[in-house]
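I have placed the structure first, in the form of structure tokens, so that the comments after it can refer back to it.
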Amino acid sequence: MDIHVISIFPEMFSAITEHGVIARAIKQGVISLSLHNPRDYANDRHNTVDGRPYGGGPGMVMMPDVMAKTVEAVFEKTQSEPKVIYVSPQGQRFDHKAAAGFASLPSNDSLIFIAGRYEGIDERFIVRYVDEEWSVGDYVLSGGELPVMIMVDAIARLLPSSLGNDESAKQDSFAQGLLDCPHYTRPETFEGESVPTVLLSGDHKAIEQWRLKQSLSRTQLRRPELLEAKALSVQERKLLDELEKKGTKSG
Ligand code: 4F9
């Protein structure tokens with residue numbers, strides 16, 4: 001997957017291009033990430049990318065012509081018709097399902113992510129160029145860079161063979177519509193607290209059952225709306241009934 005990002009702060013993306021799973025996916029060629037700075041497409045010698053809002057009010061608005069020149073330059077560099085994605089609080093809510101949808105696109109597809117700054121981008125640019133508008137949560141940030149990195153990270157780790165361990169993405173929170181179970185490592189006793197004995201039993205079936213029950217119980221306690229939305233298997237229904245009968249939601 002070829003990912004293009006349009007941002008006036010391309011250096012911020014070293015957070016994902018130089019560290020961890022995404023850096024490895026780039027090195028292995030699972031994804032490519034190219035950065036494009038609207039300042040390079042400005043019309044004046046000050047490299048102006050923003051202007052004062054018509055109608056008055058605080059803040060600045062990114063100029064449609066400069067943004068259009070930037071996207072058009074990216075179009076020239078891409079073969080297949082790329083999807084243009086703008087991140088803003090006005091977009092649809094990004095979640096695991098959305099990430100999985102992007103990750104299942106054909107591997108030669110290109111995506112262009114646009115990170116705005118200030119009060120956002122002139123609406124005429126959005127109407128003409130943007131295919132999809134996505135939000136990562138109901139809050140306003142100082143720019144779209146972090147939301148773009150969140151989306152790219154969530155998508156890239158779902159691409160085949162980018163985690164190194166394709167199993168681990170399947171076991172993540174939300175992959176099955178449930179929160180993740182608790183995890184433990186050495187030492188076996190920490191501050192007087194032992195690791196749950198089932199995890200030391202070597203009984204893989206019992207461990208799997210315990211983990212599923214933990215996931216169900218945490219989801220019921222912390223995010224009940226996720227359970228309402230999920231189609232439960234016979235086993236999941238049975239484990240939830242057991243939890244309800246015990247009257248304890250702690251597992
Ligand atoms: C984008 C916030 C997506 C949440 C972009 C300021 C944003 C955002 N999700 N806030 N610019």
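As the structure lists them, so they are numbered: ligands from 1, and atoms in each ligand from 1.
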Would you say V140 has any N or O atom under 3.5 Å from an N or O of ligand 1, going by distance alone? no
CD of E242: more than 12 outside heavy atoms within 6.0 angstrom? yes
Would you tell me whether Y129 and E72 have side-chain atoms, one donor and one acceptor, within less than 3.5 Å of each other? yes
P89, G137, G144: member with heavy atom nearest to atom 7 (C) of ligand 1: P89
May I ask whether F94 places a heavy atom under 4.0 Å from ligand 1? no
Is it true that atom CD of E225 has more than 12 heavy atoms of other residues, nucleotides or ligands lying nearer than 6.0 Å? yes
Numbering as shown, the atoms of ligand 1 that approach S88 to under 4.0 Å (heavy-atom distance): 1 (C), 3 (C)
Heavy-atom contact check, 4.0 Å cutoff: does G143 meet ligand 1? yes
Side-chain donor/acceptor of E244 to backbone N/O of D241, under 3.5 Å: no
Please report whether ligand 1 has a polar contact with L141, defined as an N or O pair separated by less than 3.5 Å (distance criterion only). yes
So, Q92 and E132: side-chain donor and acceptor under 3.5 Å apart, yes or no? no
Heavy atom of the protein closest to atom 2 (C) of ligand 1 (residue, atom name, distance): Y139 O, 3.3 Å
Would you kindly specify which portion of P147 sits under 4.0 Å from ligand 1, judged on non-hydrogen atoms: side chain, backbone, both or neither? side chain
From the options I85, T78, T70, V84, select the one residue that forms a side-chain contact (heavy atoms from CB on, under 4.5 Å) with I112. V84
Is atom NE2 of H204 surrounded by more than 12 heavy atoms (other residues, nucleotides or ligands) closer than 6.0 Å? no
Just to confirm my output: which protein heavy-atom neighbour is closest to atom 9 (N) of ligand 1, and how far is it? V136 N, 2.9 Å
